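Down below is the structure, laid out as structure tokens.
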Amino acid sequence: MEFWYTEEHTDDVRFSLRVKEHLFSGESEFQKLDILDTYEYGKLMTLDGLVMVTEKDEFVYHDMIVHISMAVNPNIKNVLVIGGGDGGTVRELMKYPNINHVDMVEIDKLVVDASRKYFPAVSCEVDNPKVTVLYEDGIKFIQGKEKVYDLILIDSTDPIGPGEGLFTTDFYNNCYKALTEDGILINQNETPVYEKFFEVGISSNKKLKKMFPIVHVYQANIPTYPGGYWLFNFASKKFHPIQDMKEAEWNQLGIKTKYYNTELHKGCFALPNYVKEKIENGAL
Ligand code: SAM
């Protein structure tokens, strides 16, 4: 009997993967977590039935949420990751000896525990002495913080359930205050392929432009995410993502990456017209 995992991307679009084995199923006060072993993408983790991370394509998302800002400001020392319970974002950050400390604020301990057990190659740096894992709500954690972090990475779920408040003006305002004078914020910004997701992305971009002087959108190809095409916001108090990029300095660091490189860095901000126009107009 064949067993397929299916995620509904829209009412008219479904994404299915053939499954070898359903390895784990658990529920926390926040969400339902499942680990499946699939033929094409290896092990994958779902939260409330939505793909979060797969062994085959996690490198794309984790490279692109970390290395863009690190190539713009290699002097980043203190980092805050909100969400990111699978550990992939922290893994990429720990490739930078210059980074002094990372706070990873993940609301759900179940995600970290499951990733430790089923995704050792992703969660391998969660116990690094430079990393503090806090099982807290990122929305509350950020309140009252002033000029603490050089970089904030919002590695969250979609704006449903515990992740909803991570796409609000209040939250972005608190992030702005928690950043140092040359602070950078990166958030995952959904896909432009389907309107219900793009609407969220356009609105999040518009809110960030209300407080950050420099906001640009970049893109990546993530096959298991809706539309296979994903966007990120680069929001910055001082640095421009291309004009201030330290290309030679980053390449001299000799950091191994599977997706990111400095040529791609320059290209990923060049958006197609249909995305560029709607982001600039701030409306679908
Ligand atoms: N890359 C994935 C994506 O784009 O869909 C996200 C991966 S990561 C697993 C997302 C994490 O955000 C989850 O572990 C979830 O528990 C966490 N999260 C959601 N809302 C949160 C909140 N308010 N504070 C802290 N963590 C939160």
Side-chain angles (χ1 to χ4, degrees), residues 9-10 31 47-48 50-52 60-62 64-66 68-69 72 79-85 89 105-107 137-143 145 149 151-179 183-222 225-241 268-284:
H9 285 170
T10 74
Q31 53 212 347
L47 290 177
D48 290 339
L50 306 178
V51 172
M52 288 297 124
V60 183
Y61 178 91
H62 292 125
M64 293 307 274
I65 199 167
V66 169
I68 294 282
S69 40
V72 171
V79 183
L80 170 62
V81 176
I82 295 192
T89 297
V105 177
E106 164 55 61
I107 200 168
D137 182 345
I139 299 156
K140 294 201 186 81
F141 176 84
I142 198 77
Q143 288 164 2
K145 300 265 179 324
Y149 299 104
L151 176 64
I152 297 179
L153 303 176
I154 307 172
D155 179 2
S156 75
T157 42
D158 301 325
I160 38 177
E164 196 168 351
L166 301 174
F167 292 78
T168 61
T169 301
D170 280 357
F171 173 70
Y172 293 147
N173 250 326
N174 289 329
C175 288
Y176 184 90
K177 292 181 195 142
L179 284 165
I184 297 172
L185 177 148
I186 305 282
N187 76 332
Q188 67 89 358
N189 204 40
E190 310 285 324
T191 181
V193 176
Y194 305 122
E195 289 204 349
K196 74 170 185 180
F197 295 93
F198 199 11
E199 209 161 14
V200 173
I202 289 169
S203 141
S204 151
N205 178 270
K206 225 156 93 177
K207 288 170 188 161
L208 287 167
K209 282 173 179 156
K210 286 211 184 91
M211 57 210 75
F212 287 87
I214 300 163
V215 180
H216 291 275
V217 172
Y218 62 98
Q219 61 207 332
N221 151 247
I222 307 177
Y225 285 3
Y229 175 31
W230 212 245
L231 302 177
F232 298 83
N233 280 310
F234 175 102
S236 165
K237 288 188 174 184
K238 185 172 99 177
F239 294 114
H240 185 281
C268 70
F269 287 89
L271 302 172
N273 288 342
Y274 84 97
V275 176
K276 200 163 172 274
E277 283 155 16
K278 290 189 174 157
I279 291 274
E280 281 165 5
N281 300 342
L284 273 177

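Quantities reported herein were computed from a predicted structural model and do not represent experimental measurements.
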What I'd like to find out is whether the side chain of M211 reaches to under 4.5 Å of the side chain of T169, using heavy atoms alone.
yes

With a 4.5 Å heavy-atom cut-off, do D48 and I160 have their side chains touching?
no

Answer whether the closest heavy-atom distance between the side chains of P241 and I214 falls below 4.5 Å.
yes

S236 (side chain) donor-acceptor with I184 (main chain) under 3.5 angstrom:
no

Side chain of K278, backbone of I202: donor and acceptor closer than 3.5 Å?
no

To check you understand the geometry: which heavy-atom pair defines the closest contact between G201 and N189, and what is its length?
O-ND2, 3.1 Å

Among residues two or more places apart or on two chains, list those pairs meeting ring pair (Phe, Tyr, Trp, His ring centres under 6.0 Å) that have a residue in residues 200-219.
Y176-F212, H216-H240, Y218-F232, Y218-F269

Is any side-chain heavy atom of Y225 closer than 4.5 Å to a side-chain heavy atom of Q188?
no

Heavy-atom donor-acceptor pair, D137 side chain to I139 backbone, under 3.5 Å
yes

For C175 and I152 the tightest heavy-atom approach is O-CD1, 3.6 Å

Please walk me through it: do W230 and V60 pass side chain to side chain contact (heavy atoms under 4.5 Å, CB included)?
CA-CA 10 Å; W230 212 245; V60 183; over 6 Å; no

Closest approach of F171 and G138, non-hydrogen atoms and distance?
CE1-O, 3.9 Å

Are the side chains of D158 and E190 in touch, meaning some heavy atoms are under 4.5 Å apart?
yes

State whether the side chain of Q219 and the backbone N or O of C268 hold a donor-acceptor pair below 3.5 Å, judged by distance alone.
yes

Indicate the ring-plane relationship of Y194 and H9, choosing parallel, tilted or perpendicular according to the 30° and 60° boundaries.
tilted

Taking CD in E195 as the centre, count heavy atoms belonging to other residues, nucleotides or ligands within less than 6.0 Å. Is the count above 12?
no

Determine which pairs satisfy salt bridge (Lys or Arg N to Asp or Glu O under 4.0 Å) with at least one residue from residues 232-241, sequence neighbours left out, and list them in order.
D182-K238

For the residue pair V275 and L231, establish whether any side-chain heavy-atom pair is separated by less than 4.5 Å.
yes

Do K209 and N205 have side-chain atoms, one donor and one acceptor, less than 3.5 Å apart?
yes

For atom NZ of K196, is the number of surrounding heavy atoms from other residues, nucleotides or ligands below 6.0 Å larger than 12?
yes

Side chain to side chain, Y274 and P192, heavy atoms closer than 4.5 Å:
yes

Inspect the surroundings of NZ in K140 and state if more than 12 heavy atoms from other residues, nucleotides or ligands are less than 6.0 Å away.
no

Is any side-chain heavy atom of Y172 less than 4.5 Å from a side-chain heavy atom of S204?
yes

If every non-hydrogen atom of L47 is compared with every non-hydrogen atom of T157, which pair is closest and at what distance?
CD1-CG2, 3.9 Å

